[in-house]
S.K.: 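What follows is a single structure, and I will ask about it in a moment.
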Amino acid sequence: MIGNLAIDATVAIATELIRSVNKSKTVAEQEDIALLENEARLQEIENRISEYQARVAQELAIAKRIETAAEVEIEEFYDTTGSGGVGFQKI
């Protein structure tokens, strides 16, 4: 079931990407800078949402593999750069 969710999320992301590219072409043909800037902002937001959805799908796929595995070995990786942040980034 989780594997299907990951596939569904991937298909949804690909479909959204195609829709976004087609919309960009339409807006670019109008040659209006304000429209282009607005479209660029919208696409940036859509891309972030798609990235978050892909991360969720990836985590679900990992959870499914762990759930069905006979044996699970977990490796921990530590940040040696001293930057800290536990994977969080300021946007």
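Small disclaimer: the values here were computed from a predicted structure and weren't measured.
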S.K.: How would you list, by chain and number, every residue that makes a side chain to side chain contact (heavy atoms under 4.5 Å, CB included) with Asn38, sequence neighbours excluded?
M.R.: Arg41, Leu42
S.K.: Apply side chain to side chain donor-acceptor pair (under 3.5 Å) to Glu51 and list each qualifying residue two or more places apart in sequence or on a separate chain.
M.R.: Arg55
S.K.: How would you list, by chain and number, every residue that makes a side chain to side chain donor-acceptor pair (under 3.5 Å) with Glu44, sequence neighbours excluded?
M.R.: Arg48
S.K.: When rounded to the nearest 0.5 angstrom, what distance separates CD in Glu46 from CD in Glu39?
M.R.: 7.0 Å
S.K.: What residues, two or more places apart in sequence or in another chain, satisfy salt bridge (Lys or Arg N to Asp or Glu O under 4.0 Å) together with Glu37?
M.R.: none
S.K.: Could I get the full list of side chain to side chain contact (heavy atoms under 4.5 Å, CB included) partners for Ile18, not counting sequence neighbours?
M.R.: Asn22
S.K.: Who are the salt bridge (Lys or Arg N to Asp or Glu O under 4.0 Å) partners of Arg65, not counting sequence neighbours?
M.R.: none
S.K.: Considering only Ile, Leu, Val, Met, Phe, Trp and Tyr, and joining two whenever side-chain heavy atoms are under 4.5 Å apart, list the other residues clustered with Ile49.
M.R.: Ile45
S.K.: List in chain and number order the residues that pass side chain to side chain donor-acceptor pair (under 3.5 Å) with Glu71, two or more places apart in sequence or in another chain; answer none if no residue qualifies.
M.R.: none
